[in-house]
Amino acid sequence: MRIIRALQIAPRASFAAIATALGLTEGAVNRRYRRLRAEGVIRVVGMVEPGALGQSRWLVRLRCRPGSVAAIADALAEREDVNWVALGAAGCEITCATQSRSREQREDLLERRLPRTAAVIDINAFAVLRQFLGGRGHYWAALRGTLTEAEEAALGSDGRPFTESPVVSREPLHLTPEDEKLFAALGRDGRAGLVDLAAAAGLTPGRVSRRLDALLRQRALRLDVEIAAAALGYHARANLWLRVHPSAVKSVGRALAEEPGIAFVAAVSGPWNLHAVAHCRDLDELFEFTSERVGSLAGLQGLEVSPVLRHVKQAGTRLVDDRLVDPVRARARR
């Protein structure tokens, strides 16, 4: 847990730096990280943030005919512009998140392919208007307190790495061919070394280092520390759809972002104007959390709790039996 928290704070920190901050040996950190990754508990990936390219992000709820959801979910998970796929506990609902790199790519999915799928009964798409929690490692507050303030400071923490900001940039960034190669390499391993990244992008390590800093500063690059929540004992997951008075959307979104049980929260378009993802240890904890913590928020007018039956993909990583699967191994399975 301590190493996972350290990576949340500094996803690309060297094993030596993590070891120094935590009072461990470099070899111990190295071995533990590689074991966690091999067991599908954690993955560090670098991803393009479509907002920096001027593109909006969307959440999509699909109601499907019985017996068809698994095939549709798998087909969605195969798409590079779909980075999150979950099956609802009702067995006939799929929730997914898109991060299309272009308007044409988004329209192909939402206006052509999904509507023409015979097994899809109903489609509801919601634009992400403001994100209150997420981004780097989904900075899941359930791990808050795992490290001391001194240990977090030694890793370079100056507070939460995610700051609330507009979802779509008003000054879109244009990626170079070298950037595209860099993102492809980071998508395979967000902790890849500068030498390996330089070889993949056709640049020098120094130029790669400077470009990484620039992409992070411009919010074009998102480093996600993906965690298999079930491996840490969180077996009850749910999508929360909240209807909040318009004047309370910001305050409720910010309050939810402080809750340890919440891994993601954003304001969205549509009748449910806030969406959140909750991780709890069991259904009883989920009930207590939604009825007491969420249900008591000022301004809340309605709440739908939709338990997740199975996560198929998160932050571009497939899951099998609640474990993250390395892309190379995922292709081997097929």
Side-chain angles (χ1 to χ4, degrees), residues 40 43 45-65 67-88 92-128 131 134-135 138 167-168 175 179-190 220-224 226 228 239 264 266 268-269 275 277 308-320 323-334:
R43 264 195 91 225
V45 295
M47 305 184 69
V48 176
E49 182 57 69
L53 309 182
Q55 299 301 317
S56 56
R57 295 162 55 195
W58 293 72
L59 295 172
V60 183
R61 296 182 78 179
L62 305 173
R63 193 161 55 90
C64 307
R65 300 186 189 283
S68 64
V69 290
I72 294 174
D74 284 337
L76 285 167
E78 287 295 318
R79 292 183 61 105
E80 292 184 357
D81 61 331
V82 174
N83 70 320
W84 193 87
V85 182
L87 304 185
C92 295
E93 182 178 278
I94 299 171
T95 304
C96 66
T98 72
Q99 55 173 40
S100 302
R101 300 277 294 276
S102 68
R103 178 178 177 180
E104 292 74 20
Q105 191 179 44
R106 183 177 67 250
E107 290 177 349
D108 175 64
L109 176 64
L110 299 183
E111 297 182 18
R112 287 187 286 274
R113 294 189 179 273
L114 287 177
R116 292 176 184 175
T117 304
V120 174
I121 300 172
D122 190 36
I123 303 175
N124 285 291
F126 312 93
V128 176
Q131 191 169 326
H138 300 299
V167 174
V168 181
L175 300 181
D179 289 334
E180 297 288 1
K181 294 175 183 177
L182 189 59
F183 275 113
L186 289 167
R188 293 187 292 270
D189 180 7
L221 170 62
R222 183 173 83 245
L223 290 171
D224 268 332
E226 280 306 296
N239 286 307
F264 172 87
V268 296
S269 62
H275 169 70
V277 177
V308 171
L309 178 64
R310 178 165 65 92
H311 260 137
V312 180
K313 187 179 187 181
Q314 63 182 46
T317 302
R318 296 292 296 263
L319 289 94
V320 175
R323 292 296 186 275
L324 303 164
V325 180
D326 185 275
V328 175
R329 288 191 294 158
R331 285 192 293 270
R333 286 173 178 267
R334 299 193 293 273

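Just so you know, these numbers use all the heavy atoms, side chains as well, and skip hydrogens, waters and symmetry mates.
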Let me see the working for W58 and L109 under side chain to side chain contact (heavy atoms under 4.5 Å, CB included), right down to the final yes or no.
CA-CA 11 Å; W58 293 72; L109 176 64; over 6 Å; no
Full working for side chain to side chain contact (heavy atoms under 4.5 Å, CB included) between R101 and L175
CA-CA 11 Å; R101 300 277 294 276; L175 300 181; 3.5 Å; yes
Before giving the answer on side chain to side chain contact (heavy atoms under 4.5 Å, CB included), spell out for V85 and E78 the whole-Å C-alpha distance, their side-chain angles and the decisive distance to 0.1 Å.
CA-CA 10 Å; V85 182; E78 287 295 318; over 6 Å; no
Check the pair L59 / W84 against side chain to side chain contact (heavy atoms under 4.5 Å, CB included), numbers first and verdict last.
CA-CA 9 Å; L59 295 172; W84 193 87; 5.6 Å; no
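The aromatic rings of F264 and H275 lie tilted to each other, with the angle between the two planes from 30° to 60°.
For the atom pair S100 OG and L53 CG, the distance stands at 11.0 Å (nearest 0.5 Å). Taking CG of D224 as the reference point, atom CE of M47 lies at 6.5 Å (rounded to 0.5 Å). With values rounded to the nearest 0.5 angstrom, I123 atom CD1 is found 6.0 Å from L62 atom CG. Put simply, CZ on R79 and NZ on K313 are 9.5 Å apart, with the number rounded to the nearest 0.5 Å. We find the CG-CG distance between L223 and L186 to be 7.0 Å, quoted to the nearest 0.5 Å. We find the CG-OG1 distance between D326 and T317 to be 8.5 Å, quoted to the nearest 0.5 Å.
Listed here is the closest heavy atom pair of L319 and H311: CB-O, 3.6 Å. For the residue pair G40 and A228, the shortest heavy atom distance occurs at O-CB, 3.4 Å. Nearest approach of S269 to A125, heavy atoms of both residues: OG-O, 4.5 Å. G88 approaches L309 most closely through the heavy-atom pair O-CB, 3.5 Å. Heavy atoms only, all atoms of each residue included: V308 and A86 are closest at CG1-CB, 3.9 Å. Contact detail for E104 and R112: the closest heavy-atom pair is O-NH2, 3.8 Å.
No more than 12 heavy atoms of other residues, nucleotides or ligands shown are found within 6.0 angstrom of CZ on R103. Surrounding CD of E80 are at most 12 heavy atoms belonging to other residues, nucleotides or ligands under 6.0 Å away.
Between R113 and D108, at least one side-chain nitrogen of the basic residue sits less than 4.0 Å from a carboxylate oxygen of the acidic one, meeting the salt-bridge criterion.
The shortest side-chain heavy-atom distance between R57 and V268 does not fall under the 4.5 Å cut-off.
Within the structure, side-chain hydrogen bond (donor to acceptor under 3.5 Å, both in side chains) pairs that include any residue of residues 117-128 comprise D122-N124 (at least two apart or interchain).
For R106, the side chain to side chain donor-acceptor pair (under 3.5 Å) criterion is met by Q55, not counting sequence neighbours. In terms of the side chain to side chain contact (heavy atoms under 4.5 Å, CB included) criterion, residue partners of I121 (sequence neighbours excluded) are, by chain and number, R63, R65.
When each of V312, L76, V60 is checked for a side-chain contact (heavy atoms from CB on, under 4.5 Å) with I94, only L76 meets the rule.
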